[in-house]
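Heavy atoms only: backbone and side chains are in, while hydrogens, waters and symmetry mates are out. Source: prediction; values computed, not measured.
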Amino acid sequence: QVQLVESGGGLAQAGASLRLTCAASGRTVSRNTMAWFRQAPGKEREFVAGIIRSGGNTHYADSVKGRFTMSRDNAQNTVYLQMNSLKPEDTAVYYCAADSKVTFTIMRRANEYDYWGQGTQVTVSS
């Protein structure tokens with residue numbers, strides 16, 4: 001079993017930056033694709049970013065491309081989401097997810113991921 005714990009959320013003004021951290025425990029996730037999703041009130045959970053096990057390939061949602069950067073530190077069993085130039089529409093609960101399959105593929109559907117954190121709230125004011 002893998003436990004994921006997100007941190008780093010909070011309140012930010014438009015244009016500011018936040019860095020989210022997802023710490024994994026239970027076993028290593030170094031061989032697993034990891035992803036960030038977000039869910040705003042009344043909306044479905046949506047893919048934000050994903051990273052393959054080596055960190056050599058990342059995918060982003062069009063809405064965050066050029067502003068957000070996902071990275072990982074396999075030695076620390078941790079992934080990060082650096083969020084720059086935040087916009088009010090980035091307001092959501094952000095979730096970290098792990099794909100249990102050993103793969104080089106980054107899936108964008110939430111049901112492809114097997115382990116989830118509890119989420120961290122990000123609120124961006126205008």
Would you say the side-chain atoms of [X] pair up with the backbone N or O of [Y], donor to acceptor, closer than 3.5 Å?
{"X": "Arg108", "Y": "Tyr60", "answer": "yes"}
{"X": "Thr78", "Y": "Gln76", "answer": "yes"}
{"X": "Thr33", "Y": "Thr105", "answer": "yes"}
{"X": "Thr91", "Y": "Val124", "answer": "yes"}
{"X": "Asn77", "Y": "Ala23", "answer": "no"}

Quiz prompt | 4.5 Å side-chain heavy-atom contact, Asn57 and Ile51 | solution = no
[X] side, atom [atom1]; [Y] side, atom [atom2] - distance, nearest 0.5 Å:
{"X": "Leu4", "Y": "Tyr113", "atom1": "CG", "atom2": "OH", "value": "12.0 Å"}
{"X": "Gln3", "Y": "Gln118", "atom1": "CD", "atom2": "CD", "value": "11.5 Å"}
{"X": "Glu6", "Y": "Cys22", "atom1": "CD", "atom2": "SG", "value": "5.5 Å"}
{"X": "Ser17", "Y": "Phe68", "atom1": "OG", "atom2": "CZ", "value": "9.5 Å"}
{"X": "Thr120", "Y": "Leu81", "atom1": "OG1", "atom2": "CG", "value": "11.0 Å"}
{"X": "Glu44", "Y": "Gln39", "atom1": "CD", "atom2": "CD", "value": "8.5 Å"}

Quiz item: Charged N to carboxylate O under 4.0 angstrom, Lys87 versus Asp90?
Solution: no
Exercise. Verify side chain to side chain contact (heavy atoms under 4.5 Å, CB included) between Arg45 and Trp116, making sure each step is shown before the conclusion.
Key: CA-CA 12 Å; Arg45 193 168 296 190; Trp116 292 86; 3.3 Å; yes
Heavy-atom closest pair, residues [X] and [Y]:
{"X": "Tyr115", "Y": "Ser100", "result": "CE1-CB, 3.8 Å"}
{"X": "Cys96", "Y": "Val79", "result": "SG-CG2, 3.9 Å"}
{"X": "Ala24", "Y": "Val2", "result": "CB-CG1, 4.4 Å"}
{"X": "Leu86", "Y": "Ala12", "result": "CD1-CB, 4.0 Å"}
{"X": "Ser126", "Y": "Pro88", "result": "CB-CG, 3.8 Å"}
{"X": "Leu20", "Y": "Val122", "result": "CD2-CG2, 4.1 Å"}

Practice problem: May I ask you to establish whether Arg53 and Phe104 are in a cation-pi arrangement, using a distance under 6.0 Å from NZ or CZ to the six-membered ring centre and at most 45° from the ring axis? | Solution: yes
Tell me whether [Y] is reachable from [X] by hopping between hydrophobic residues (I, L, V, M, F, W, Y) whose side-chain heavy atoms are closer than 4.5 Å.
{"X": "Val29", "Y": "Tyr94", "answer": "yes"}
{"X": "Met70", "Y": "Ile52", "answer": "no"}
{"X": "Val93", "Y": "Phe37", "answer": "yes"}

Quiz item: Can Val64 and Arg38 be said to form a side chain to side chain contact (heavy atoms under 4.5 Å, CB included), step by step?
Solution: CA-CA 12 Å; Val64 307; Arg38 67 186 181 187; 3.9 Å; yes
Quiz prompt | Side chains of Arg27 and Asn32, donor plus acceptor under 3.5 Å | solution = yes
Quiz item: Given Phe47 and Met107, is the side chain to side chain contact (heavy atoms under 4.5 Å, CB included) satisfied, shown in steps?
Solution: CA-CA 9 Å; Phe47 174 84; Met107 306 304 293; over 6 Å; no
